[in-house]
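Beneath this line is the structure, given in structure tokens, with notes to follow.
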Amino acid sequence: MQATEVFDLYWQFAAERQRVYFRRLAEPMGPWTNDTVLANHRFTNSYRASDRVSQYLIREVQYRSDRPGTPDELFFRTILFKIFNRIDTWEALEAKLGPLTWANADLDRINATLDALMRSGRRIYSAAYIMPSPPYGHARKHANHLALIARMMDQRLPQRLQQLPTLDAVYEALLRWSGIGRFLAFQYTIDLNYSVLLDHDEAGFVVAGPGALDGLAKCFEDLSGQSPEETIYWICDQQERAFAARRIDFQTLYGRRLQPIDCQNLLCEISKYARVSHPQFAGISGRTRIKQRFRATTTPIPVPMFPPKWGLDVTKADLNAPPLCMRKRNLFA
């Protein structure tokens, strides 16, 4: 494979975005970076599980101690939350209906509450994913999604997923459902695997989404016959050597190295970053600007919580990244 200069940028970006994460944990007031593109635009964290929505899913939806932990309940809460992928939608539902459980779920009341939120001008879906409407005959997309969840539960999908041997098999099982394409099936597989419903190794599974394909097109002149997924595994496998060769100090997630899902996400993010820093690399999407601006908040980030099965000890981490004065104004220009 013939790499471009954007591939060097990929590793620089991963390290600086991770420094921003730890700086925000240590100092809520900022500033967190001197890089103007990172400072002015919204990018996900280097590790997917560190992102705000993933953290909420893990902490509040999946592992909160007062929530039931049966397969049905874990699956129902995870999929209901992730279909909308908005914290304020979840909190609005629970404010109106109380704790959301499959045992006491009234899908008609959930549907009516979502209708009311829309009438009030609220957005109920995140803009992060394109969410097609499953074909269940309802006028509203969210009603069709609730019908999809009901059908999954009726067919005992949580129990069936538990019996599957790998994440690939879980992914294939989710992909069979109407309205769930390759990228959503991949995302839901990873989200379910955060919970105790599943316990598979993330290292052996990845699906390249549209943003990652665009990032790969900017990082490499060609893939030399490798599939996008094979290339992501290759990127993931060499991460320690890649950082060392470029003399980049990368701070892992409390000892956890980047997983294929993280490397896939970073390809999406470098695709966005390069629109500004390296516009001569067109990629395949043709996009030329970054839509989402970053709006700083001084609200402290909660102490991180990750799936306990990962064995990460967040109490022993050194949150201090190199001081900003040691860095150029735009690290990657």
Side-chain angles (χ1 to χ4, degrees), residues 1 3-27 30-39 41-52 54-55 190 201-204 206 211-212 215-216 218-220 231-274 277-278 294 301 303-307 310-333:
M1 291 183 294
T4 71
E5 59 194 272
V6 178
F7 190 53
D8 287 323
L9 178 67
Y10 175 93
W11 301 106
Q12 297 274 4
F13 175 89
E16 181 65 4
R17 185 63 186 86
Q18 184 72 342
R19 294 186 195 107
V20 169
Y21 171 69
F22 282 115
R23 286 179 184 135
R24 290 192 69 184
L25 285 172
E27 178 47 66
W32 305 299
T33 183
N34 284 334
D35 178 77
T36 55
V37 181
L38 270 174
H41 299 88
R42 184 186 297 177
F43 294 92
T44 63
N45 283 301
S46 295
Y47 287 83
R48 181 184 187 269
S50 302
D51 282 333
R52 184 177 69 97
S54 292
Q55 280 289 291
I190 296 296
D201 187 357
E202 282 187 2
V206 75
L216 286 169
K218 294 180 181 182
C219 286
F220 301 98
T231 306
I232 294 171
Y233 289 132
W234 175 80
I235 292 171
C236 189
D237 287 344
Q238 65 155 314
Q239 60 188 269
E240 291 83 7
R241 298 189 301 276
F243 286 125
R246 294 164 177 81
R247 298 183 178 181
I248 298 171
D249 181 17
F250 179 73
Q251 190 172 0
T252 63
L253 188 70
Y254 309 103
R256 182 179 175 86
R257 71 198 303 266
L258 293 166
Q259 301 295 302
I261 176 67
D262 306 313
C263 294
Q264 194 272 162
N265 279 14
L266 282 165
L267 284 166
C268 301
E269 299 310 288
I270 203 59
S271 163
K272 292 192 299 186
Y273 190 100
S277 69
H278 289 67
F294 175 70
I301 300 176
V303 175
M305 179 179 180
F306 299 100
W310 289 1
L312 307 186
D313 187 353
V314 302
T315 66
K316 294 183 178 179
D318 177 10
L319 300 183
N320 295 315
L324 296 181
C325 62
M326 294 175 60
R327 307 206 167 269
K328 294 185 290 185
R329 179 168 177 76
N330 191 331
L331 203 62
F332 314 128

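Heavy atoms only: backbone and side chains are in, while hydrogens, waters and symmetry mates are out.
- Looking at Arg52 and Gln55, their side chains never come closer than 4.5 Å, going by heavy atoms from C-beta outward.
- Not counting sequence neighbours, the partners of Phe243 by the ring-ring contact (aromatic ring centres under 6.0 Å, His included) test are Trp11, Phe250.
- Closest of all the heavy-atom pairs between Arg24 and Ile301 is CB-CD1, 3.6 Å.
- The nearest pair of heavy atoms linking Ser271 to Gly211 is CB-O, 3.8 Å.
- When atom types are taken as modelled, the side chain of Gln239 and the backbone of Cys236 share a donor-acceptor pair closer than 3.5 angstrom.
- With rounding to the nearest 0.5 angstrom, the CZ atom of Phe22 is 4.5 Å from the OH atom of Tyr254.
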Notebook entry, point to check: Checking side-chain contact (heavy atoms from CB on, under 4.5 Å) for the pair Asp35/Phe13: CA distance, chi angles, key distance, verdict?
Noted result: CA-CA 10 Å; Asp35 178 77; Phe13 175 89; over 6 Å; no

May I have the list of side-chain donor-acceptor pairs in residues 260-267 shorter than 3.5 Å, sequence neighbours left out?
{"unit_1": "Asp262", "atom_1": "OD1", "unit_2": "Arg48", "atom_2": "N", "d": "2.9"}
{"unit_1": "Asp262", "atom_1": "OD2", "unit_2": "Gln259", "atom_2": "N", "d": "2.9"}
{"unit_1": "Gln264", "atom_1": "OE1", "unit_2": "Gly209", "atom_2": "N", "d": "2.9"}

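- Considering only residues two or more places apart in sequence or on other chains, Asp51 meets the salt bridge (Lys or Arg N to Asp or Glu O under 4.0 Å) condition with none of them.
- Atom CD1 of Ile248 sits about 4.0 Å away from atom CD of Gln12, to the nearest 0.5 Å.
- Between Ile235 and Tyr10, some side-chain heavy-atom pair lies under the 4.5 Å cut-off.
- Residues satisfying the salt bridge (Lys or Arg N to Asp or Glu O under 4.0 Å) criterion with Glu240, sequence neighbours excluded, are Arg257.
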Next item on the list: Output, in order, the C-alpha distance, side-chain angles, deciding distance and verdict of side-chain contact (heavy atoms from CB on, under 4.5 Å) for Tyr273 and Leu38.
Entry: CA-CA 8 Å; Tyr273 190 100; Leu38 270 174; 4.3 Å; yes

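- Here the closest heavy-atom approach between residue Cys268 and residue Ala212 is recorded as SG-N, 3.3 Å.
- Between Leu258 and Ser46, the shortest heavy-atom contact is CD2-O, 3.8 Å.
- A centroid separation of 6.0 Å or more is found between the aromatic rings of Tyr47 and Tyr21.
- Residues meeting the salt bridge (Lys or Arg N to Asp or Glu O under 4.0 Å) test with Arg42, sequence neighbours left out: none.
- Nearest heavy atom pair, residue Ser50 against residue Asn45, reads O-ND2, 3.3 Å.
- Evaluation of the side chain to side chain contact (heavy atoms under 4.5 Å, CB included) rule for Glu5 yields His278, Gln280, Phe281 as partners, not counting sequence neighbours.
- Here the closest heavy-atom approach between residue Glu269 and residue Thr44 is recorded as OE1-N, 3.0 Å.
- Figure legend: cation-pi geometry between Arg23 and Trp32 absent, as NZ or CZ is not positioned both under 6.0 Å from the six-membered ring centre and within 45° of its axis.
- Residues Lys218 and Thr4 are not in side-chain contact: their nearest non-hydrogen atoms beyond the backbone lie 4.5 Å or more apart.
- Side chains of Ile270 and Phe7 form no contact here, defined as non-hydrogen atoms less than 4.5 Å apart.
- The aromatic rings of Trp310 and Phe306 sit parallel, their planes meeting at an angle under 30°, below the 60° perpendicular limit.
- Counting only heavy atoms from C-beta outward, the side chains of Arg19 and Thr33 never approach each other to under 4.5 Å.
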